[in-house]
Amino acid sequence: MHQTWTLTKRELSAYFDGPAAYVVLCVFLAITGWFFSNALFLQNVASLRSLFSIAPFIFLFFIPALTMSSFAEERRAGTLELLLTLPVRDWQVILGKLLSVALLLLLAIALTFVYAITLAVLGDLDLGGTVGGYLGLFLLGVTYGAIGIWASSLTRNQIVAFILGFAIIFLLFLLDKITDFVPAQLGVILQYLGADYHFQNLMRGVIDTRDILYYLSLTGFAFLLTTYTLAKRPE
Amino acid sequence: MIEVQNLSKSYGPVEAVRSISFQVNQGEVVGFLGPNGAGKSTTMKVMTGYLPPNEGTVLVDGLDIRENALPVRQRIGYLPESTPLYSDMITYDYLEFVAAMREIPAGDRAGRIRAMTNACGLHDVLSKRVDALSKGYRQRVGLAQAMIHDPPILILDEPTSGLDPNQIVEIRDLIRMIGKERTVVLSTHILSEVQASCDRVIIIDNGALVADGTPEELRSGLSGEEQVSITLLDGEEEAAEILGSWELAEVVEHGMDDNGESYFMLSSPTDIRAELFRLAVSHNWTLTGLNRKTKNLEDVFRQLTSS
């Protein structure tokens, strides 16, 4: 476990030594801040709903951007050969990378607590919806991160990794939006598979284990696919 | 000790390594020779546990690289061909990262890094970013990384490729020093490197093992005639006549060298230098040169791998 944490620290310092983490955090805060204050001041709506509805859209682009280098760059630079001949298991390497994305995500989300605190001071904060929304946002982000890391393990080209990760995540995001166009039975299945559907549930303040389980199993599945891809030792 | 047993590895339909078997004993420095694409790197990647073999196995101190992957990896230091450095890291941090991944206790890391700094001459670059280093320093940082946990076995894939002549000598000295206490397997296609630093040579070609032995054994196993050249100050015509009909050897070349002395290149199944000298004395020729052309690894290499 020590080694996994060592890897996580290396990944995090790579994010923070360069501009990547700062750009992502600043732009994330700027966009969410604009939507939040827009609703608060112009429409007189004291709610985090605007934050929770825009954040999944931002994640759609930002998370594949954060994860695109995770394995693609290691493959290109040849450091993958170092990592996978160190006395660690492949899954520890993947976990180290996923943890670093999760921690960066946690930081980004924690920074938006400012909005929640503002609301709590100014008026009534819907506690259930806020907790559910934040939980959903974190789970959604981690799931996207796991998918992005898998996409990155498939290629040595970061741009391909980004597009691939974005495409898969976008598909998951779309699934519950196309239920009107398919037969009802299929629609139910698609809705259940859609990433946004479960987020909407959590955002309503209903913390259902089914929704949590959905994100956890999808994360686990992407993790497993990454393990499988790495086991083949792509050149 | 490393035992490679009937190792085969293919990339899709391409067979990179075909049923190779060999042993590397403790404390040996073994050179891995072969033309580009012969399967040297692939064999090393399997030996370090990076690539899974299609068939066969590798045992390190009796432990299977697949079943006991982690203890085996702990015993091996590996420098891949591509020098695996994180370009966004400071040299010191990079070595610290590898040391931590190798489970060196936090208190010992600084000491190990200091030892590697001395061994590999990294004093000037410890606080520089890796992407600012020259190729020679990158290679040395790669070596430091491979040795940081003081492994009994070192596997180095082309440790001197891309270096200038001075750097090659430095790295070669370093390897020779390391090789005194450790088992080293290094691949190269520079033949003088093998002669300079290896106890044993393994030559592979087209994924198959074609030779395994000390450089001397390989040289003596070479087929072909001995070649001796002599240079004479006088008596050229007489010598041409006598040597031309000499029963011990055959003149393959005859002419004038740059100093205006005549030379003869003779070919024979055995070493005829003593007979040649006596022949010259008996005819009162002024002999200024008598050389046997020694066969070197280059000849061995060319003979074994040109097909």
Side-chain angles (χ1 to χ4, degrees), chain A residues 1-23 66 68-97 99-100 104 152-153 156 158 227-235, chain B residues 9 11-12 14 16 41-42 44-54 65-66 68-90 93-94 96-106 109 129-131 138 141-142 145-146 148-149 151 155 157:
Chain A
M1 221 49 215
H2 260 109
Q3 293 147 305
T4 308
W5 180 237
T6 304
L7 257 168
T8 305
K9 278 193 293 183
R10 202 212 78 77
E11 292 290 319
L12 280 176
S13 62
Y15 282 137
F16 283 97
D17 285 349
Y22 304 102
V23 171
L66 280 175
M68 68 181 186
S69 65
S70 61
F71 281 108
E73 176 59 18
E74 302 257 12
R75 270 172 71 174
R76 196 198 56 75
T79 42
L80 191 63
E81 210 171 327
L82 168 74
L83 271 188
L84 300 185
T85 53
L86 287 171
V88 289
R89 302 276 176 200
D90 291 4
W91 65 262
Q92 288 179 288
V93 176
I94 306 168
L95 185 62
K97 288 180 182 280
L99 267 179
S100 70
L104 190 61
S152 183
S153 75
R156 58 195 313 165
Q158 292 192 43
T227 323
Y228 179 73
T229 309
L230 283 191
K232 287 190 299 185
R233 297 290 195 261
E235 269 308 294
Chain B
K9 174 72 196 169
Y11 300 106
V14 184
S41 289
T42 304
M44 291 183 136
K45 281 176 184 179
V46 176
M47 286 165 75
T48 52
Y50 180 65
L51 292 179
N54 291 103
I65 47 156
R66 304 299 291 168
N68 295 291
L70 300 197
V72 167
R73 289 182 193 180
Q74 197 61 276
R75 273 162 226 242
I76 293 177
Y78 176 39
L79 174 64
E81 195 178 1
S82 55
T83 326
L85 308 181
Y86 288 103
S87 54
D88 56 353
M89 283 178 110
I90 306 279
D93 295 347
Y94 171 74
E96 167 118 49
F97 165 71
V98 178
M101 292 301 285
R102 290 278 186 192
E103 289 184 293
I104 295 172
R109 284 177 211 157
R129 260 173 70 116
V130 166
D131 54 6
R138 290 175 63 90
V141 175
Q145 163 276 123
I148 195 136
H149 56 302
I155 295 181
D157 199 353

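First the proteins, then the strands, lettered A, B, ... as listed; each starts at 1.
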**Item:** Closest contact, heavy atoms only, A:Thr85 versus B:Arg73
**Value:** O-CD, 3.5 Å

**Item:** A:Tyr228 atom OH: more than 12 heavy-atom contacts under 6.0 Å
**Value:** no

**Prompt:** To the nearest 0.5 Å, how far apart are OH in B:Tyr86 and CD in A:Glu11?
**Reply:** 7.0 Å

**Message:** I need the B:Gln74 CD to A:Leu86 CG distance, nearest 0.5 Å.
**Reply:** 9.0 Å

**Heavy-atom proximity to chain B below 4.5 Å, by part of A:Glu73** = neither

**Message:** To the closest 0.5 Å, what do you measure between CZ (B:Phe97) and CG (A:Leu7)?
**Reply:** 4.5 Å

**Item:** Between NZ on residue B:Lys45 and CZ on residue A:Arg233, distance to nearest 0.5 Å
**Value:** 11.0 Å

**Request:** Can you measure from CE (B:Met89) to OG1 (A:Thr79) and round to the nearest 0.5 angstrom?
**Result:** 10.5 Å

**Request:** Could you look at B:Glu81 and say if it's the side chain, the backbone, both or neither that has a heavy atom under 4.5 Å from chain A?
**Result:** neither

**Prompt:** Side chain, backbone, both or neither: which part of B:Leu79 has a non-hydrogen atom closer than 4.5 Å to chain A?
**Reply:** neither

**Prompt:** Can you tell me how far CZ of A:Arg89 sits from CG of B:Leu70, rounded to the nearest 0.5 angstrom?
**Reply:** 4.0 Å

**Request:** State, to 0.1 Å, how close B:Ser82 and A:Gly78 come at their nearest heavy-atom pair, and which atoms those are.
**Result:** OG-CA, 3.7 Å

**Request:** Report yes if some heavy atom in the side chain of B:Glu103 is under 4.5 Å from a heavy atom in the side chain of A:Thr6; otherwise report no.
**Result:** no

**Prompt:** With side chains defined as the heavy atoms from C-beta onward, is the minimum distance between A:Glu81 and B:Pro84 less than 4.5 Å?
**Reply:** no

**Message:** Can you tell me which residue among A:Leu82, A:Thr4, A:Val88 is in a side-chain contact (heavy atoms from CB on, under 4.5 Å) with B:Met101?
**Reply:** A:Val88

